[in-house]
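These notes are about the structure you will find just below.
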Amino acid sequence: MKRYNPSEIEPKWQAKWEDGRYEAKDFSEKAKYVMLTEFPYPSGDGLHLGHTREYTLGDVIARYRRAKGENVLYPMGFDAFGLPTENYAIKNGITPQEATARNVETFTKQMKSLGYSIDWGRSFSTTDPDYYKWTQWLFLQFYKAGLAYQDEIAINWCPACKTGLANEEVIGGLHERCEKPVEKKTLKQWMMRITDYADRLIDGLRTVDYPSRIADQQVNWIGRSEGAEIEFKVDDRPLFRSEENPVREDKEFTKRDFVQVHVYDPKTKKYLMVKWKKQPWVSCVGGGVDGRDVVEAAREEVKEETGYVDLEFKRVVGEYRSEFYAANKDVNRDLSATAVLFELKSGKREEMSEEEKAIQEPMWMTRAEIESSEAEMPAYKETMWVFGEMDKGAREERKIKVFTTRADTIFGATFMVLAPEHPMVAELATDEQRKVVEKYVKTAGAKSEIERQENKEKTGVFTGAYVINPASGERMEIWVADYVLMGYGEGAIMAVPGHDERDFEFAMKFGLPVKQVVMSSGVDPKNPPKEGLEMVERSTVFAHLRDKKTGKFALLEWHETLEGVVTAVMGGVEEGETAEEAALKEFEEEVGITGMKLVKKCLWKTSAEYCASHKGVNRKSVGEWLLFEVDGVGERAQVDEKEERQHTLIWVDEGKVLETLTPDDQKLGWKLLMEDGVFAGVGEMVNSGKFNGKRSDVAAVEIVEWLEEKGVARRRTTYKLRDWIFSRQRYWGEPIPIIHCDRCGVVPVPDKDLPVVLPEVEDYEPTDDGHSPLASVKEWVEVKCPKCGDDAERETDTMPNWAGSSWYWLRYFDARNDEEFAAREKLDYWGEVDLYLGGMEHTTLHLLYSRFWHQFLHDQGLVPTAEPYAARRGQGIVLATDGTKMSKSKGNVVNPSTVIDDGYGADALRTAIVFLAPYDQTTPWSPEGVAGTYRFINRVWNLVQEYLEAEVVSEGAKDAEVRAVQNRVVKKVSEDLEGMHFNTAVAALMEGVNELFKLKLEGFSEVWQGVLEDLVRCMAPFAPHVAAELFEQLGGGSVEEAGWPTWDEKYLVASEAEVVVQVNGKLRGKVVVAAEDAKDEEKVKAMALEQENVQKFTEGKKVVKVIYVAKRHLVNVVVK
RNA sequence: GCGCGAGUGGUGGAAUUGGUAGACACGCAUGCCUUAGGAGCAUGUGCCUCACGGCGUGAAGGUUCAAGUCCUUUCUCGCGCACCA
């Protein structure tokens, strides 16, 4: 008997496969199927197991679909530009061109030894001038469309690799390739306007079949957030402190909005003032605004105090603040005054009230008269300031824009923070603060990315300046802090410490005010408010108590109507009682504990609605959360019997409290109280003026509308995605095909001069100065301008190595075309990639970039579809045996060629790698697994040999069972391949072979010929060499031409069925019934009840119900 | 912190629409055989128990005749992004 020897048969079949049988046919009548795998970077290390998994999976699918009769394109190429090749070349003293050729050859040889059915005729490397000619041409299409542009910006710079990087290449402050810290460097850069495609890159995901993990990651990376841009006025008002009525230290401040009105009569060139009757005063017209529109209030004040009504509003002249002691009200005033100017159109007056007449009378004065009346004029300084403002003419108001997604929290915005790079920082800093601000900005700017990320401790300084909150009218301090990023939104935020964790942290550190404006508002699901009952608000206190001795917390486990509920100690707060007093009372009355101390009070209140059925009302309890401590609980006092019945006191470890508490609001309250949590969710609006009581998500929309009407806000969408930094300052990349001419500026290289070939140079070591090594190749750089013919220079930056991979699959469709990147009719035929298999790690780099390029090409009418890949799947990583990542430094890298050469062969390796785990799961490599699949293949080999040497009878006793195995295997393998469940497909083959081994003991009959042929055909995608060999031995010819086997359900119907019998859901017995009888429910139930073991479990009990699930051949007997 | 995913034997992993938990493989154990090979064949292998039986899919609760699968809460791990307002 011939023994299985992969080292003999595999090379034999690989040689045969060179005959072009895997060439895909353009324009074939058959259905096309493009099976794309990410092409490899041909490093000097050769193929690793990750590649092997990816290309084996691709090959399994390609071979399966080919067998099913589809025109499969399974192409392969090489993505060879970039640093590793440069480094490899330097190390080996050869050129990158030579290094690439060498590595491509190694990779190709290795892939052929794995038996991949690749169409090698379409292969290329991105470094072939024939290929990168088109990469350059495509770049120019972007340039011509305005999507490639130059900009001088601070970019990510890797000092180790001496090149600029895209945002996507920086992971946690490190360069993703060399893992060295990235710095900021300002350079003139080529950029790609990928942000123009942000929305489409998100929306396009809806039209393709990607795993949600990948789609989500892309959406997350693009980071679209809908919100609003809101303007905050800088508070430029001067503050006047009264000398006549100075502020009294012991008195409280009250705020007041005030309008000061000036009416100018152009005929007489006089201003309207009032003369007081009971005091020796002359003053401006003015009064409290009291919520009115300022201009309206001004008009009304003039009318009331002087009777003039025919006025034309000119402008708001200025605003100031003033502080003084108001003796009549016995308070200090914090006055916000607005000065308004009118012009008198006619002297028309209305009758004044007697009351007003008694106080004052109008008086027209010239400017000089007013200026000289200091002695009789209160607030003389303020008025003089207002006249000064009038002289200046229309004022330029300073405004700061912020971006927010939480407009609902604007009433809680208590300060503003600017990024250190914000353009207004310098001008806002007051004289007192200027020095610290300048110092802070300088320090922050010097920090590298990594330093900024490592140290998340909040830092910042006060600018000395203020803005006005447009919603609440409150003054807010303006701070500078580096937790606000210039690159996102407006580089400025309204800080809402009450509802944003970062702002909260900052406020705590610098003692800034915190204000709650959204209150968590839950509804008790077990006891919701009832329709028609009155809602009564009630203050509640929730108190947690820690015993310092044991570290445990006191909780109440409730009984009776609240059975199973666990809460903090709680109770109502009566009128005139503080929450603390109420809590102490509850501790004493409910659980008999005294002597505790209040240690913490939560800043946030929560509310919960429920029905207090015993009182016949709905209640909304607004709760405060307190933490008490007690130093050891002594003898507990006797508590009321009723309390004792209602609940039990339990003591719980701190770590277990959260899971022990049952209602959601209790869990939330605990987090807010104990974990310095910030309530960032949706809730009920509080402390927010007219929006109080609304749901915060509704209010978010309404507040923006309200502010829009006031002209200080508009809806806006922002993105985290930035434009793609496209320049690299290294040698081994596609030269950017641009010529710089002093006269014509930036001139694209004409199509006829493409490709701009990389010059072969001696020294391609990178430089530190931000120039590519190409800059020193004089004879290459110096060129005539294609437009004017004058001396000009070539662009010396090269493209990132993501450029070549952004369109490569299109080249497979027409790989040898000299006229175009690909002929349109071939692009139309092959269309979208049907399945794109690759690594999970390229989601935000290659996958996003290539979708961007393709969408652009579609806009240009160059490709037929908007999206490049109809379906994307990511294969999982193969870890080392110990579960860590394979790495050269750890020496745990598995070389696939070694596995083959060890004698297991490619078939065993291929089968092992797909059998390992579901294809998309990261999993450790198992060397023993190859031994297992080798044994499996060996068993199949031996089975076929035995059959070929055996005496075959025409009919066997077990033929029906043999056929059942055959059809079951074909069905399962086919279905699993469709669903990409490769591991279970292999398991089905193994199971089938195990069964055949048992059945062969009865001898071989003629049915075995077809059974073995089908088995081998099913194996072919996984183990193509041995399948080809065995199929030939069986006399079937070429396994590829044989196509994919089919199955017939009729062979799968068994003659008898095993019915499982459960009693109360537990397996108690089995009965075998004829297939006929399995359909007869009553009969099956009867047989089930008769079963011996079932009897034992039903004896003496009442059979309540018998359920028969025919589909599952299962009976469940329910007894009591 | 946010987003996504996952917790099942000693290990990798199966399990359809809620219906016999642990397919298949590795490993291990016992035996057989031998052309001594990296073999091959047979049997066994979730845990506790002599057994009857009981317990078992990270934890707690719920829905159901029946839960790995559905619901609620919670813990842990992995991946991605991360001071993104």
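Chain naming here is simple, since letters A, B, ... match the order of the sequence lines and numbering starts at 1 in each.
By the 6.0 Å and 45° rule, A:Arg1068 stacks over the aromatic ring of A:Phe1097. Relative to the ring axis of A:Tyr919, A:Arg53 does not place its NZ or CZ within 45° and under 6.0 Å from the centre.
Searching all strands for a Watson-Crick or G-U wobble partner of B:A67 with both distances below 3.5 Å returns nothing. Of all nucleotides present, only B:G44 satisfies the Watson-Crick or G-U wobble test against B:C28, with each distance under 3.5 Å. Of all nucleotides present, none satisfies the Watson-Crick or G-U wobble test against B:C50 with each distance under 3.5 Å. A 3.5 Å limit on both hydrogen-bonding distances identifies no Watson-Crick or G-U partner for B:G38. Using Watson-Crick or G-U wobble geometry with both donor-acceptor distances under 3.5 Å, B:A6 finds its partner in B:U76. Nucleotide B:C83 forms a pair with no other nucleotide shown, judged by Watson-Crick or G-U wobble geometry with both contacts under 3.5 Å. With a 3.5 Å ceiling on both atom-pair distances, B:G56 lacks any Watson-Crick or G-U wobble partner. Within the shown strands, nothing qualifies as a pairing partner of B:C33 under the Watson-Crick or G-U definition with both distances less than 3.5 Å.
In this structure, of B:U20, B:G19, B:C4, it is B:G19 that holds the atom nearest to the side chain of A:Val1109. For A:Pro918, taking side-chain heavy atoms from C-beta onward, the closest of the listed nucleotides B:C4, B:G13, B:A85 is B:G13. Distances from the side chain of A:Asn220 to the nucleotides B:G19, B:G53, B:G3 place B:G3 closest. In the set B:C4, B:G38, B:U20, B:U20 carries the atom at the smallest distance from any side-chain atom of A:Leu1067. Taking the side chain of A:Trp221 as heavy atoms from C-beta on, and the options B:A85, B:C81, B:G38, the nearest nucleotide is B:C81. The side chain of A:Lys1105 lies closest to B:C65, out of B:G12, B:G38, B:C65. When the nucleotides B:C4, B:A85, B:U16 are ranked by their closest atom to the side chain of A:Arg1112, B:U16 comes out on top.
With rounding to whole Å, A:Glu1092 atom CD is found 14 Å from B:C52 atom P. Straight-line distance from the CZ atom of A:Phe506 to the P atom of B:A85: 18 Å, rounded to whole Å. Going from atom CZ of A:Arg716 over to atom P of B:A85 covers 12 Å, rounded to whole Å. Across the protein-nucleic acid pair, A:Asn938 atom CG and B:C41 atom P stand 8 Å apart, rounded to whole Å. When rounded to the nearest whole Å, the span between OH of A:Tyr719 and P of B:A85 equals 13 Å. Here the C1' atom of nucleotide B:C81 and the CG atom of A:Leu721 are 13 Å apart, to the nearest Å. Note: OH (A:Tyr488) to C1' (B:A82) measures 13 Å, nearest angstrom. Between the P atom of B:G40 and the CG atom of A:Leu943 lies a distance of 15 Å, rounded to the nearest Å.
Taking atom C1' in both B:U20 and B:U69, the straight-line distance is 15 Å, to the nearest Å. On the P atoms, B:C26 is 22 Å away from B:C32, given to the nearest whole Å. Spacing of C1' atoms, B:G46 relative to B:A60, comes out at 23 Å, to the nearest Å. Here, B:A51 and B:U43 have their C1' atoms 22 Å apart, quoted to the whole Å. If you take atom P in B:G78 and the same atom in B:A23, they sit 29 Å apart, rounded to whole Å. Atom C1' of B:C4 sits at a distance of 31 Å from the matching atom of B:G10, rounded to the whole Å. Comparing the C1' positions of B:A15 and B:U8 gives an interatomic distance of 10 Å, to the nearest angstrom. Rounded to the nearest Å, the gap between the P atom of B:G5 and that of B:C50 is 46 Å.
The pair A:Lys1000-A:Glu946 meets the salt-bridge criterion, since a charged nitrogen lies less than 4.0 angstrom from a carboxylate oxygen. Salt-bridge check for A:Lys1085 with A:Glu1081: passed, with a basic side-chain N closer than 4.0 Å to an acidic carboxylate O. Note on A:Asp199 versus A:Arg224: salt bridge recorded, some NZ/NE/NH1/NH2 to OD/OE distance being below 4.0 Å. Ion pair A:Glu231/A:Lys401 not flagged as a salt bridge, since none of the NZ, NE, NH1 or NH2 atoms sits closer than 4.0 Å to an Asp/Glu carboxylate oxygen. Between A:Glu1049 and A:Lys971 a salt bridge is recorded (basic side-chain N to carboxylate O distance below 4.0 Å). Using a 4.0 Å cut-off between charged side-chain N and carboxylate O, A:Asp482 and A:Lys458 make no salt bridge. Taking 4.0 Å as the cut-off between side-chain N and carboxylate O, A:Lys509 and A:Glu457 count as a salt-bridged pair.
Looking at heavy-atom distances under 4.0 Å, A:Arg1068 makes contact with sugar-phosphate atoms alone, never a base. Contact annotation for A:Val1118: backbone-only contact, meaning every heavy-atom pair under 4.0 Å involves sugar-phosphate atoms and none involves a base. Within 4.0 Å of A:Tyr904, counting heavy atoms only, lies at least one base atom of the nucleic acid. Residue contacts shown for A:Lys1096 are limited to sugar-phosphate atoms, with no base heavy atom under 4.0 Å away. Among the protein residues, A:Leu916 comes within range of the sugar-phosphate backbone only, with heavy atoms under 4.0 Å from sugar or phosphate atoms but none that close to a base.
For the pair A:Asp723 (side chain) and A:Thr195 (backbone), a donor-acceptor distance under 3.5 Å is present. Not one N or O on the side chain of A:Arg716 forms a donor-acceptor pair closer than 3.5 Å with the backbone of A:Arg714. Side chain of A:Thr922 to main chain of A:Ile877: a donor-acceptor pair is present (N/O by atom type, distance under 3.5 Å, no hydrogens or angles).
A donor-acceptor contact under 3.5 Å is formed by the side chain of A:Asn1116 with the base of B:C65. Not a single donor-acceptor pair, N or O on each side, falls under 3.5 Å between the base of B:C81 and the side chain of A:Lys720.
Separating the CG atom in A:Leu555 from the CD atom in A:Gln666 is a distance of 8.5 Å, to the nearest 0.5 Å. Atom CG in A:Leu879 sits 12.5 Å away from atom CH2 in A:Trp925 (nearest 0.5 Å).
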Query - Letter per nucleotide, 5' to 3', of nucleotides 69-77 of chain B [B base touched, S only sugar-phosphate touched, - untouched; heavy atoms, 4.0 Å] - result: ----SSS--
Report task. Summarise protein proximity over nucleotides 23-29 of chain B in one line of letters, 5' to 3': B for base, S for sugar-phosphate only, - for none, counting protein heavy atoms closer than 4.0 Å. Result -> BBSSS--
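Contact annotation: A:Gln921 side-chain N/O to B:G13 OP1/OP2 distance is under 4.0 Å. In terms of phosphate contacts, A:Lys1066 brings a side-chain nitrogen or oxygen within less than 4.0 Å of OP1 or OP2 of B:C55. For B:A85, the OP1/OP2 oxygens have a side-chain nitrogen or oxygen of A:Ser225 closer than 4.0 Å. Between B:G53 and A:Asn1093, a contact under 4.0 Å exists linking OP1 or OP2 to a side-chain N or O.
In terms of position on RNA chain B, the residue among A:Lys1070 and A:Ile493 whose nearest nucleotide sits closer to the 5' end is A:Lys1070. Comparing A:Lys998 and A:Pro924 against RNA chain B, the residue whose closest nucleotide sits nearer the 5' end is A:Pro924.
For B:G9, the glycosidic angle deviates from 0 by 90° or less, giving a syn base.
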